[in-house]
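One structure is given here, and the rest of the page talks about it.
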Amino acid sequence: KSLHSQQLPHNFQTMAKEKIEGCHVCTLVTPGEPQVLLGKDKAFTYDFVFDIDSEQHHIYQACVYKLIEGCFEGYNATVFAYGQTGSGKTYTMGTGFDVSLTQQEQGIIPRAVHQLFEGIQNRKVRAQEAGTQPPEFKVSAQFLEVGDTLLFDLFK
Ligand SMILES: Nc1ncnc2c1ncn2[C@@H]1O[C@H](COP(=O)(O)OP(=O)(O)OP(=O)(O)O)[C@@H](O)[C@H]1O
Ligand SMILES: [Mg+2]
């Protein structure tokens with residue numbers, strides 16, 4: 001397809017620009033280690049590191065699944081995306097707004113919401129089957145975007 005650059009989303013322009021400028025991948029994941037190598041000698045170690053070919057469900061299962069299960073045990077959890085513009089924060093977190101995304105491409109937020117409500121439903125059904133009082137759950141949600149010093153309420 002030939003599109004004029006004005007019609008392309010901002011990020012595609014950036015990626016095209018990066019290609020024109022001859023940018024290349026500058027990170028390397030140490031095989032079998034949660035470590036990323038920046039350039040030749042700067043190594044950073046984290047709880048988890050995912051390489052370029054990692055898929056959404058893989059990241060979810062490794063980092064988020066246990067946190068949501070933990071909510072049912074009374075633990076608080078935070079999942080925070082941090083990175084420079086265009087690094088994939090929105091893609092990784094997911095918004096549930098993009099209906100063109102396949103199931104496989106769904107990000108953390110829609111997966112977490114699904115797991116949470118499935119967990120609630122399972123516990124209610126189990127209580128009913130056991131003939132005990134079904135537990136009550138209260139779920140509240142806020143959807144905010146932080147941009148520099150500004151807060152945007154994405155539900156408004
Ligand atoms: N893992 C990925 N696989 C495929 N495409 C991706 C991936 N991560 C990001 N992208 C794509 O790269 C572009 C930039 O990603 P995204 O919009 O998530 O960045 P961002 O960190 O939210 O940027 P900003 O700070 O500007 O909001 C988008 O077009 C997105 O769909
Ligand atoms: Mg974003």
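One-based numbering, in listed order, for ligands and for the atoms of each. It should be emphasised that the depicted structure is a prediction, and the values quoted were computed from it without experimental measurement. This chain uses plain numbering: 1 for the first residue, then up along the sequence. The figures that follow rest on heavy atoms only: side chains count, while hydrogens, waters and symmetry mates do not.
For Gly88, a nitrogen or oxygen atom sits less than 3.5 Å from a nitrogen or oxygen atom of ligand 1, counting backbone and side chain alike. The shortest N or O to N or O distance between Lys89 and ligand 1 is under 3.5 Å.
Listed by atom number, the atoms of ligand 1 under 4.0 Å from Gln84 heavy atoms are 21 (O).
Geometrically, Arg123 engages Phe72 in a cation-pi contact defined by less than 6.0 Å to the ring centre and at most 45° from the axis.
Between the Mg ion (ligand 2) and Thr85 there is no N/O/S contact shorter than 2.8 Å.
Defined by atom type and a distance below 3.5 Å, a donor-acceptor pair is missing between the side-chain atoms of Tyr60 and Gln106. With hydrogens and angles left out, the side-chain atoms of Thr102 and Glu105 include a donor and acceptor closer than 3.5 Å.
Within the 4.0 Å heavy-atom shell around ligand 1 one finds Ser87.
Looking at heavy atoms from C-beta onward, Glu145 lies out of side-chain contact with Leu151 at the 4.5 angstrom threshold. Between Gln115 and Tyr65 there is a side-chain heavy-atom pair separated by less than 4.5 Å.
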